[in-house]
Amino acid sequence: MKTQVAIIGGGPSGLLLAQLLSTVGVESIVLERQTKDYVLGRIRAGVLEQGLVRMLEEAGCADRLHAEGHVHDGALISYGDEDFRIDFKGLVDASVVVYGQTEVTRDLYDAREKAGGQILFNVEHVQIHGADGDSPYVTFDIDGQAQRIDCNFIAGCDGFHGVSRQAIPLSVRREYEKIYPFGWLGVLSETPPVHDELIYANSKRGFALCSMRSDHLSRYYIQCSLSESPSDWTDAAFWEELKRRIPTDMAEKLVTGPSIEKSIAPLRSFVTEPMRWGRLFLCGDAAHIVPPTGAKGLNTAASDVHYLFQGLKAFYLKGSTAGIDSYSAKALRRVWKVERFSWWFSSLLHRYPDQSEFDLKMQLAELDFLRSNHAAQLAMAENYVGLPY
Ligand code: RFL
Ligand code: PHB
């Protein structure tokens with residue numbers, strides 16, 4: 001097989017890149033290890049920045065998002081008995097859209113199918129060859145048969161556990177990591193959301209988040225220990241614990257019901273540098289991970305795709321390598337700012353096992369400052385709705 005851009009990974013990064021490339025006549029083949037149903041079964045992010053919304057518009061797959069997504073102009077932060085609202089619209093005249101990653105991925109698959117895009121599912125043993133030369137190629141097995149794709153470029157969009165990052169030699173690659181000493185236990189339930197905006201709660205018992213997917217589908221999270229497993233938590237125990245961590249008036253009106261999904265995600269900050277090696281480019285979770293506090297994972301994958309798409313477009317349409325040459329530096333500058341925000345917002349809201357009385361006072365002072373200081377709220381809002389790209 002032959003194509004212009006071989007894309008490893010059929011998650012949101014890979015699909016969005018493929019779809020954008022097709023709008024300017026650049027061919028790609030997407031290789032996905034799982035089945036489509038498996039990819040669509042994963043419950044992940046729920047908050048989209050304007051930048052991602054614009055890219056989905058540009059890719060021609062934002063109709064359902066505009067019809068079904070919910071625009072949020074602010075979010076609540078609670079601590080102890082206090083709560084306050086960050087008014088994104090009033091502060092920075094921008095909003096976010098609540099629309100699940102599952103739906104974004106579904107819309108991208110539909111768009112690829114309509115455009116006749118090539119996506120190969122159930123591929124095994126993907127290997128990258130010659131990325132540091134002029135004739136890169138990818139080999140893999142599908143239906144028990146060995147295959148090869150010759151291409152101009154390879155986009156590594158295969159997530160944190162993929163093969164693309166590992167293809168960059170250790171002598172070139174540098175990795176930065178922070179593991180947090182807790183996880184998030186998440187529950188999806190067919191119940192109306194407790195509030196019309198998200199609630200981020202710092203409580204003595206640990207962090208909690210009230211989020212949603214639609215008017216009748218809620219997503220809630222509580223901070224948990226890494227030694228716990230979802231089966232340790234009955235639905236009743238989850239609801240009881242959530243109620244103890246959110247403001248009393250919200251706890252009183254919380255509608256509970258059976259969970260339709262329950263899982264634990266560990267929290268991690270991780271960055272690989274550089275994000276380019278020869279003709280291989282890393283995008284999204286393949287290159288970096290953020291803790292979910294602030295909902296930046298999917299959005300940062302999208303900003304990488306933006307920089308790579310612009311670079312490849314300039315290469316194919318104008319013969320310029322300037323965009324692909326500056327890809328890693330441009331993407332990383334934004335990635336590190338998002339890492340900082342997600343780390344800061346996580347530090348503000350969670351209980352850490354080794355937190356001293358002094359550390360707790362610092363957390364409270366920071367919350368109090370954010371509550372009462374315009375400049376602090378402005379910085380928070382700018383980051384939450386998404387830094388420009
Ligand atoms: P993805 O979504 O992981 O997609 C990568 C795709 O590559 C495939 N793959 C391979 N394909 C071929 N060959 C191989 N060797 C391959 N290895 C892997 C995988 O099957 C997969 O389909 O990465 P992408 O596209 O960069 O998108 C990034 C986002 O998915 C991610 O940043 C967010 O979902 C992160 N994240 C969350 N972000 C939020 O903003 N809010 C959340 O609530 C939130 N929850 C989560 C999350 C990530 C999670 N992971 C990765 C464990 C919850 C979880 C559980
Ligand atoms: C979600 O709805 O899954 C979600 C929302 C906001 C976050 C993280 C996750 O900060």
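Order of listing sets the numbers, starting from 1, for every ligand and every atom in it.
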Interatomic distance, [X] atom [atom1] to [Y] atom [atom2] [nearest 0.5 angstrom]:
{"X": "Arg219", "Y": "Cys210", "atom1": "CZ", "atom2": "SG", "result": "12.5 Å"}
{"X": "Leu16", "Y": "Asp107", "atom1": "CG", "atom2": "CG", "result": "11.5 Å"}
{"X": "Leu312", "Y": "Leu20", "atom1": "CG", "atom2": "CG", "result": "10.5 Å"}

Exercise. Backbone or side chain, does any N or O of Gln101 fall under 3.5 Å from an N or O of ligand 1?
Worked result: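 Yes, Gln101 has an N/O under 3.5 Å of an N/O on ligand 1.
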Problem set entry | ligand 1 N/O within reach of Ala301 N/O, cut-off under 3.5 Å |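 No, there is no polar N/O contact under 3.5 Å.
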Would you check if [X] and [Y] make a side-chain contact, meaning some heavy-atom pair closer than 4.5 Å?
{"X": "Arg351", "Y": "Asn202", "answer": "yes"}
{"X": "Ser269", "Y": "Tyr180", "answer": "yes"}
{"X": "Leu21", "Y": "Tyr316", "answer": "no"}
{"X": "Pro291", "Y": "Lys178", "answer": "no"}
{"X": "Leu209", "Y": "Tyr200", "answer": "yes"}
{"X": "Leu370", "Y": "Gln377", "answer": "yes"}

Could you tell me, atom by atom, which parts of ligand 1 come under 4.0 Å of a heavy atom of [X]?
{"X": "Leu31", "value": "11 (N), 12 (C)"}
{"X": "Gly162", "value": "17 (N)"}
{"X": "Gly284", "value": "26 (O)"}
{"X": "Ala295", "value": "40 (O)"}
{"X": "Gln34", "value": "20 (O)"}
{"X": "Gly159", "value": "3 (O), 5 (C), 23 (O)"}

For this session: Please indicate whether Tyr38 has more than 12 foreign heavy atoms, meaning atoms of other residues, nucleotides or ligands, lying under 6.0 Å from its OH.
Result: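 Incorrect, the count does not exceed 12.
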Please work out which of [options] has its closest non-hydrogen atom nearest to [atom].
{"atom": "atom 41 (N) of ligand 1", "options": "Ala45, Gly14, Pro291, Gly297", "result": "Ala45"}
{"atom": "atom 25 (O) of ligand 1", "options": "Ser13, Ala302, Gly9", "result": "Ser13"}
{"atom": "atom 16 (C) of ligand 1", "options": "Val126, Val104, Asp158, Leu108", "result": "Asp158"}
{"atom": "atom 55 (C) of ligand 1", "options": "Ala265, Ser211, Gly10", "result": "Ala265"}
{"atom": "atom 32 (O) of ligand 1", "options": "Thr293, Asp285, Val305, Asn122", "result": "Asp285"}
{"atom": "atom 2 (O) of ligand 2", "options": "Ser211, Ala265, Gly46, Cys210", "result": "Ser211"}
{"atom": "atom 3 (O) of ligand 1", "options": "His161, Arg44, Arg42", "result": "Arg44"}

Hey, does [X] come in under 3.5 Å of ligand 2, counting only N/O atoms on both sides?
{"X": "Ala45", "value": "no"}
{"X": "Met212", "value": "no"}
{"X": "Tyr221", "value": "yes"}
{"X": "Tyr384", "value": "no"}
{"X": "Thr293", "value": "no"}

Look at the aromatic rings of [X] and [Y] and report parallel, tilted or perpendicular, splitting at 30° and 60°.
{"X": "His70", "Y": "His72", "result": "perpendicular"}
{"X": "Trp184", "Y": "Phe207", "result": "parallel"}
{"X": "Phe182", "Y": "His350", "result": "parallel"}

For this session: Have a look at ligand 1 and work out which part of Cys157, if any, has a heavy atom under 4.0 Å from it: side chain, backbone, both or neither.
Result: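 The answer is the backbone of Cys157.
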Exercise. Judged by modelled atom types alone, do His66 and Glu57 share a side-chain donor-acceptor pair under 3.5 Å?
Worked result: yes
Exercise. Have Tyr307 and Ser326 got a donor and an acceptor in their side chains that come within less than 3.5 Å?
Worked result: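 Judged by distance alone, the side chains do not pair up.
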Any atoms of ligand 2 less than 4.0 Å from a non-hydrogen atom of [X]? List them with their elements.
{"X": "Arg44", "answer": "3 (O)"}
{"X": "Val47", "answer": "5 (C), 6 (C)"}
{"X": "Leu198", "answer": "5 (C), 6 (C)"}
{"X": "Gly294", "answer": "10 (O)"}

For [atom], find the nearest protein heavy atom and state the residue, atom name and distance (0.1 Å precision).
{"atom": "atom 15 (N) of ligand 1", "value": "Val163 CG1, 3.7 Å"}
{"atom": "atom 10 (C) of ligand 1", "value": "Arg33 CB, 3.6 Å"}
{"atom": "atom 8 (C) of ligand 1", "value": "Glu32 OE1, 3.3 Å"}
{"atom": "atom 27 (O) of ligand 1", "value": "Pro12 CG, 3.5 Å"}
{"atom": "atom 43 (O) of ligand 1", "value": "Tyr221 OH, 3.3 Å"}
{"atom": "atom 4 (O) of ligand 1", "value": "Gly11 CA, 3.5 Å"}
{"atom": "atom 8 (C) of ligand 2", "value": "Pro292 O, 3.3 Å"}
{"atom": "atom 10 (O) of ligand 2", "value": "Tyr200 OH, 2.7 Å"}

Exercise. Which one holds for Trp184 and ligand 2: side chain close, backbone close, both close, or neither close, with close meaning a heavy atom under 4.0 Å?
Worked result: side chain
For this session: May I ask you to identify, for Val98, whether its side chain, its backbone, both or neither come under 4.0 Å of ligand 2 on a heavy-atom basis?
Result: neither
Problem set entry | Any Trp184 heavy atom less than 4.0 Å to ligand 1 | no
Exercise. Under the 6.0 Å and 45° cation-pi test, does Lys114 pair with Tyr109?
Worked result: no
Exercise. Between Phe281 and Arg276, is there a cation-pi geometry (under 6.0 Å to ring centre, at most 45° from the normal)?
Worked result: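 Negative - Arg276 is either too far from the ring of Phe281 or too far off its axis.
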Problem set entry | salt bridge (Lys or Arg N to Asp or Glu O under 4.0 Å) partners of residues 142-165, not counting sequence neighbours, each pair once |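 For residues 142-165: Arg148-Asp150, Arg165-Glu175.
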Exercise. So which heavy atom on Arg340 is nearest to which on Asn383, and how close?
Worked result: NH2-ND2, 3.7 Å
Under 3.5 Å, which donor-acceptor pairs do the side chains of residues 237-244 form with other protein atoms, sequence neighbours left out?
unit_1: Trp239; atom_1: NE1; unit_2: Gly257; atom_2: O; d: 3.0
unit_1: Glu241; atom_1: OE1; unit_2: Arg205; atom_2: NE; d: 3.4
unit_1: Glu241; atom_1: OE1; unit_2: Arg205; atom_2: NH2; d: 2.9
unit_1: Glu241; atom_1: OE2; unit_2: Arg205; atom_2: NE; d: 2.8
unit_1: Glu241; atom_1: OE2; unit_2: Arg245; atom_2: NE; d: 2.9
unit_1: Glu241; atom_1: OE2; unit_2: Arg245; atom_2: NH2; d: 3.1

Exercise. Mind checking whether Lys296 has a heavy atom under 4.0 Å from ligand 2?
Worked result: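 Not so, Lys296 does not reach ligand 2.
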